[in-house]
Amino acid sequence: MSVAWQQVKEYTDIIFEKYEGMAKITINRPEVRNAFRPQTVDELIEAFNLCRDDQEVGVIILTGQGELAFCSGGDQRVRGEGGYVGTDGVPRLNVLELQKIIKYIPKPVIAMVAGYAIGGGHVLHLLCDLSIAADNARFGQTGPRVGSFDAGWGATYLARVVGHKKAREIWYLCRQYDAQEALDMGLVNKVVPLAQLEEETIQWAQEILEKSPIALRFLKAAFNADTDGLAGIQALAGDATMLYYMTEEGKEGKNAFLEKRKPDFSKFPRLP
Ligand code: S0N
């Protein structure tokens, strides 16, 4: 099944489309196996932020253009002394901001992986809520070989997902793993033939869209709170506050203040 994706906004390095509750964000630099430069990361952050604010969007699919790569990490051609250098000449590690928004956007993000998910590109798929892989997908970290490393979520969250022994193997040896090996170690949710990748991913997205948005939001926040300490609890608590604002009990406090009267919380239950 293919769907009639509608372009949301034109970008240079990414394609941003929507269709019936789904957003699809595609890294569009196939000539470098979808490596990201600062502009790519800026565009990805903007698209994810638009998805966060867009109440029509319930699921986001992150993918790479073409069949050869999901993403090959930072564009080594623009790697400077203090990070990746954009048109402003300033070196930055702005992929960390992108990692945060993928992890904390209160909607499920699905990585749709064909070909290579390597280096910083592997970390992006790792941080997505779910990963659907084509049978040609290949996964791995390259940092210690190419002079970089992600000692943040790229290492620590990887260990939560595949276990410490496997995560250390992945980082210390810099090997590549095929789709079946990734499935066996719990790194991806499903492997399908390449020709069925988008159809399968859309099927998963549509099943998710049938579910309660607030339930999904709290579950994502809870999974993050388990791994992310106080930052994770902050997001979970923010969701609880949002929900409280929607209740009559929450509104009574605000209304009483605005009406210059004492709030009456006596009518609200003190449930066990
Ligand atoms: C992906 C690989 C395995 C594909 O191999 P294949 O199919 O044989 O193709 P190639 O001939 O190698 O590549 C085709 C063309 O694409 C270019 N290219 C590929 N990857 C990159 C890249 N990452 N940057 C720039 N160019 C790339 C090739 O050069 C080739 O071009 P032409 O045709 O002109 O020769 C293979 O390509 C591969 O291994 N790629 C490199 C993977 C890699 O090491 N990536 C970087 C890893 N590091 C990071 O991602 C940084 C992490 C990071 O961003 C970060 C993390 C934590 C905190 C901060 C940061 C931060 O730095 O911001």
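Start at 1 and go down the list; that is how both ligands and their atoms are numbered. Note: hydrogens, waters and symmetry copies are ignored here, and every other heavy atom, side chains too, is used. Residue numbers count from 1 along this sequence.
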Ligand 1 and [X], any nitrogen or oxygen pair closer than 3.5 angstrom?
X      : answer
Gly120 : yes
Gln99  : no
Asp150 : no
Ser72  : yes

Can a non-hydrogen atom of Ser148 be found less than 4.0 Å from any atom of ligand 1?
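A heavy atom of Ser148 does come that close to ligand 1.
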Below 4.0 Å from ligand 1: does a non-hydrogen atom of Gln176 turn up there or not?
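Contact present.
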Which residue and heavy atom of the protein sit nearest atom 61 (C) of ligand 1, plus the separation
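For this ligand atom, the closest protein heavy atom is Leu93 CD2, 3.4 Å.
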Protein non-hydrogen atoms only, distance under 4.0 Å: does atom 12 (O) of ligand 1 have such a neighbour?
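Neighbour list for atom 12 (O) of ligand 1 is empty of protein heavy atoms (cut-off 4.0 Å).
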Between Val146 and ligand 1, which part of the residue brings a heavy atom under 4.0 Å of the ligand: side chain, backbone, both or neither?
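For Val146, the contact with ligand 1 is made by the side chain alone.
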Which one holds for Leu68 and ligand 1: side chain close, backbone close, both close, or neither close, with close meaning a heavy atom under 4.0 Å?
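Neither part.
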With respect to [atom], which of [options] exhibits the smallest heavy-atom separation?
atom                    : options                     : result
atom 10 (P) of ligand 1 : Arg37, His122, Arg33        : Arg33
atom 23 (N) of ligand 1 : Cys71, Gly74, Gly73         : Gly74
atom 53 (C) of ligand 1 : Thr142, Val41, Val95, Val78 : Val95
atom 15 (C) of ligand 1 : Glu31, Arg145, Arg29        : Glu31

Does Trp204 have Lys190 sitting over its ring (NZ/CZ under 6.0 Å from centre, angle to axis within 45°)?
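Checked: cation-pi criterion not met.
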Report yes or no: do Tyr11 and Asn28 form a side-chain donor-acceptor pair below 3.5 Å?
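Side-chain D/A pair, Tyr11 to Asn28: absent.
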Measure the OG1-CE distance between Thr241 and Met246 for me, rounded to the nearest 0.5 Å.
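It comes to 11.5 Å.
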For Phe70, which of Leu124, Ile27, Asn34 qualifies under side-chain contact (heavy atoms from CB on, under 4.5 Å)?
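Single side-chain contact (heavy atoms from CB on, under 4.5 Å) partner of Phe70 among Leu124, Ile27, Asn34: Leu124.
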